[in-house]
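See below for the structure under consideration.
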Amino acid sequence: MKWSEYFIPTTKETPADATVPSHQLMIRAGLIRQVVAGAYTYLPLGYRSLRKVESIVREEMNAAGSIEVHMPAMHPIEWWEQTGRVAAMGDVLVRLGGGDDWRSRTVLGPTHEEVITELARAYINSYKQLPLNFYQIQTKFRGEARPKSGVLRTREFLMKDAYSFHMAKEGPGGLDEVYQRMYDAYSTLFSRCGLPYVVVEAESGPIGGDASHEFMVPTDAGEDYLVQSEDGTYAANLERAEVAGLEGDGQDGVADLAEVATPGLCTIDEVSGFLKCQPRDMIKTIIYEADGEALVALVRGDHEVNESKFARAAGVGFVRPAEPPMIEKLTGADVGFAGPVGLKARIIADQAVTLMRDAVTGANKTDCHLTGVNVGRDYTIRESGDIRMAVEGDRSPTGSPLVFKKCIEIGHVFKLGTKYSAAMEAECLDKDGKPKPFIMGCYGIGLNRIMAAAIEAFHDEKGISWPMAIAPYHVVICALDMREAEVSSLALKLHDELEAAGVDVILDDRDARPGFKFKDAELIGFPLRITVGKRGLADGIVELLTRRSGEVQKLPPGEVSATVAGLVQSTIAAERT
RNA sequence: CGGGGCGUGGCGCAGCCCGGUAGCGCGCCUGCUUUGGGAGCAGGAAGUCGCAGGUUCAAAUCCUGUCGCCCCGACCA
């Protein structure tokens with residue numbers, strides 16, 4: 001490809017609206033252009049990169065035995081009603097709008113469990129057809145309240161979504177086996193993209209799945225948190241991160257139990273400020289509801305309850321904050337004055353609370369708190385465990401301190417179970433001749449995010465530094481003066497040779513000064529740059545620059561094509577993570 | 001949805017308080033010079049100042065409303 005005949009609108013200045021590096025660089029390098037909030041045009045160079053990502057994903061999905069299909073973006077809202085997700089997704093579900101015609105009954109798919117489950121219901125009748133695993137690479141629509149960070153969070157994006165169908169979890173052809181195969185395929189494909197990714201256990205939530213993993217790329221532009229131990233022996237997402245118990249000093253409390261008036265002061269901050277104590281000296285008493293019963297969580301004042309951990313500790317499916325009437329009935333006080341002393345309910349304390357002495361907490365009496373509260377003497381802890389959100393500095397279960405890193409989620413694998421098949425009555429006959437709902441898995445990858453994550457991970461003050469495998473072009477030839485016959489003929493020759501060798505090459509044949517071409521090449525981030533100029537030609541050489549290492553090789557023109565072709569292949573292999 | 005900021009040629013911005021001729025840099029077009037790190041000179045094209053009302057002799061500027069975009073938070077299959 002000749003640059004002069006292509007379309008690469010680079011800019012010197014950074015657009016004011018872009019704040020994260022990948023967004024700024026994608027605009028400056030001429031990869032994307034925003035159309036509205038959360039929707040982007042992929043310009044030629046950006047689209048090439050996206051297509052390369054797509055190819056890698058497709059190859060690995062095919063290799064893992066997933067079968068490609070293509071489902072529509074338009075779905076009948078009825079199917080979403082069947083699974084209860086019209087309500088669950090709320091405004092995220094994009095609807096085609098008013099009137100009393102087909103438009104009002106059509107939604108734009110944010111994901112495709114409903115459509116694929118209906119497909120399975122229609123065609124899969126026997127366990128003998130299973131397992132089946134379908135995937136597609138398709139545009140998704142989500143009414144995100146706040147699109148942000150360029151292509152990292154958009155309302156329209158390209159997703160690879162796969163869905164597997166089984167009659168059993170275990171055994172050959174079961175969910176567990178295919179889940180592992182997808183997990184391995186994801187690892188391979190992210191490696192091939194050259195991404196520094198981390199896999200973490202994710203919270204599977206109230207759906208009831210027992211396994212879920214997220215593939216994360218650490219970067220400050222991310223919105224999720226990765227929790228890792230300093231020694232690298234532990235990694236989880238924030239929702240899931242476990243903490244080891246804290247060390248106590250074994251001493252007993254010394255203060256007497258006392259009631260103090262705290263009129264109108266409900267929050268930890270208000271009470272600790274008023275009583276001149278630290279939040280960590282207070283016991284936070286949060287009342288939840290599970291299966292119609294009150295369930296009380298105790299955590300230290302400077303900690304937060306992790307509802308997933310709490311529910312697991314309590315052995316219930318999920319918990320939700322209790323409504324004020326239940327709280328008032330239980331405590332006999334207004335909301336905001338709950339405490340464990342004398343509270344008649346099932347109470348689960350966080351491990352950290354078991355160590356607290358001379359604590360401050362609600363008195364179960366409006367406008368009153370208690371000071372000098374001590375376990376054993378004033379109240380009893382029958383159940384305790386790890387029920388709080390981890391904070392930086394906690395120790396991991398393996399004993400090493402936890403550090404938090406911001407990260408981008410680029411992939412997610414999930415054991416769904418029968419949530420959708422049961423709701424949509426998608427069943428097939430098992431060996432025993434009885435109909436059973438499919439056991440399902442689902443597996444998603446955000447393709448646009450792979451691009452952005454790669455840029456976040458690999459850029460410098462000059463611009464992008466693409467991994468070879470997903471670079472829009474492997475190599476740029478900077479012909480420093482196309483009017484010099486010797487320069488232009490050699491540049492064209494190298495271009496043709498490289499193209500014939502299967503190298504993605506672009507020839508910068510613009511009538512521009514050398515510095516201008518070099519700046520553009522660095523901004524766009526081509527992994528390799530060949531410089532053909534009369535100065536080098538006078539010595540019988542051309543230069544080959546490697547973007548990442550800065551290494552320069554001086555080569556006789558006759559060796560360039562073979563050297564570059566070999567370097568492209570060896571770099572792709574070397575950059576696998 | 002709460003809080004904050006911003007809408008002025010393709011891009012980045014000034015002008016707005018204190019109403020009166022729309023301006024600068026980049027980019028673009030023409031010509032000449034220049035060609036190993038974002039060239040120089042000369043000439044030129046391009047903006048109903050987001051939109052709608054209002055105040056005024058007069059509105060980019062003041063007032064009201066509205067739409068859009070960005071950031072923080074909430075939310076996130």
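These figures come from a predicted structure and were not determined experimentally. Below, chains carry the letters A, B, ... as their sequence lines are ordered, and counting in each starts from 1.
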Whole Å only: how far is the [atom1] atom of [X] from the [atom2] atom of [N]?
{"X": "A/R483", "N": "B/rC32", "atom1": "CZ", "atom2": "P", "value": "12 Å"}
{"X": "A/L480", "N": "B/rU34", "atom1": "CG", "atom2": "P", "value": "17 Å"}
{"X": "A/K554", "N": "B/rG36", "atom1": "NZ", "atom2": "C1'", "value": "11 Å"}
{"X": "A/E304", "N": "B/rA74", "atom1": "CD", "atom2": "P", "value": "11 Å"}
{"X": "A/L544", "N": "B/rG36", "atom1": "CG", "atom2": "P", "value": "20 Å"}
{"X": "A/Q24", "N": "B/rC70", "atom1": "CD", "atom2": "P", "value": "14 Å"}

Describe the nucleic acid contact of [X] in one word from base, sugar-phosphate, nothing, applying a heavy-atom distance below 4.0 Å.
{"X": "A/R146", "result": "base"}
{"X": "A/T111", "result": "base"}
{"X": "A/G444", "result": "nothing"}
{"X": "A/E543", "result": "base"}
{"X": "A/Q34", "result": "sugar-phosphate"}
{"X": "A/R529", "result": "base"}
{"X": "A/M482", "result": "nothing"}
{"X": "A/R510", "result": "nothing"}
{"X": "A/T83", "result": "nothing"}
{"X": "A/K517", "result": "nothing"}
{"X": "A/A37", "result": "sugar-phosphate"}

Inset, instruction - Between B/rU35, B/rG36, B/rC71, spot the one nearest the side chain of A/P514, thanks. - result: B/rG36
State the pairing partner of [N]; accept Watson-Crick or G-U wobble contacts with both distances under 3.5 Å, and report none otherwise.
{"N": "B/rG53", "result": "B/rC63"}
{"N": "B/rC32", "result": "B/rG40"}
{"N": "B/rG68", "result": "B/rC6"}
{"N": "B/rG73", "result": "B/rC1"}
{"N": "B/rC11", "result": "B/rG25"}
{"N": "B/rC17", "result": "none"}

Donor-acceptor under 3.5 Å ([X] side chain, [Y] main chain):
{"X": "A/N306", "Y": "A/S308", "result": "yes"}
{"X": "A/E559", "Y": "A/P556", "result": "no"}
{"X": "A/R155", "Y": "A/E144", "result": "yes"}

Contact under 4.0 Å: [X] side-chain N or O vs [N] OP1/OP2:
{"X": "A/K12", "N": "B/rG25", "value": "no"}
{"X": "A/T19", "N": "B/rC71", "value": "yes"}
{"X": "A/R513", "N": "B/rA39", "value": "yes"}

Legend entry - side chain to side chain donor-acceptor pair (under 3.5 Å), paired with A/H213, selected from A/Y443, A/Y183, A/Y186, A/Y179: A/Y179
Whole-angstrom distance between [N] and [M], as gauged at atom [atom1]:
{"N": "B/rC16", "M": "B/rC62", "atom1": "C1'", "value": "10 Å"}
{"N": "B/rG50", "M": "B/rU61", "atom1": "C1'", "value": "16 Å"}
{"N": "B/rU34", "M": "B/rC67", "atom1": "C1'", "value": "49 Å"}
{"N": "B/rA22", "M": "B/rA60", "atom1": "P", "value": "9 Å"}
{"N": "B/rA52", "M": "B/rG38", "atom1": "C1'", "value": "43 Å"}
{"N": "B/rC71", "M": "B/rC51", "atom1": "C1'", "value": "24 Å"}

Inset, instruction - Quickly, which of A/H459, A/K462, A/R28, A/K12 forms a side chain to side chain contact (heavy atoms under 4.5 Å, CB included) with A/L523? Name it, please. - result: A/R28
Legend entry - Residue mapping more 5' on RNA chain B - nearest nucleotide basis, A/D224 or A/A18: A/A18
Legend entry - Residue closer to the 5' end of RNA chain B, A/E113 versus A/L545 (nearest nucleotide): A/L545
Legend entry - A/R548 NZ/CZ over A/F458 ring centroid, <6.0 Å and within 45° of normal: yes
Inset, instruction - Please determine if A/R529 forms a cation-pi arrangement with A/F518, meaning its NZ or CZ atom is less than 6.0 Å from the six-membered ring centre and no more than 45° off the ring axis. - result: yes
Inset, instruction - Give a yes or no on whether the ring-centroid distance for A/F165 and A/F438 is below 6.0 angstrom. - result: yes
Inset, instruction - Ignoring hydrogens and angles, answer whether the base of B/rG38 and the side-chain atoms of A/D520 contain a donor-acceptor pair closer than 3.5 Å. - result: yes
Legend entry - Atom pair CZ (A/R449) and CE (A/M451), whose distance is rounded to the nearest 0.5 Å: 14.5 Å
Inset, instruction - Using a 4.0 Å cut-off on protein heavy atoms (strictly under), produce a 5'-to-3' string for nucleotides 5-12 of chain B with B for base contact, S for backbone-only sugar-phosphate contact, and - for none. - result: ------BS
Inset, instruction - Would you indicate whether A/E68, at its atom CD, is surrounded by more than 12 heavy atoms from other residues, nucleotides or ligands within a distance under 6.0 Å? - result: yes
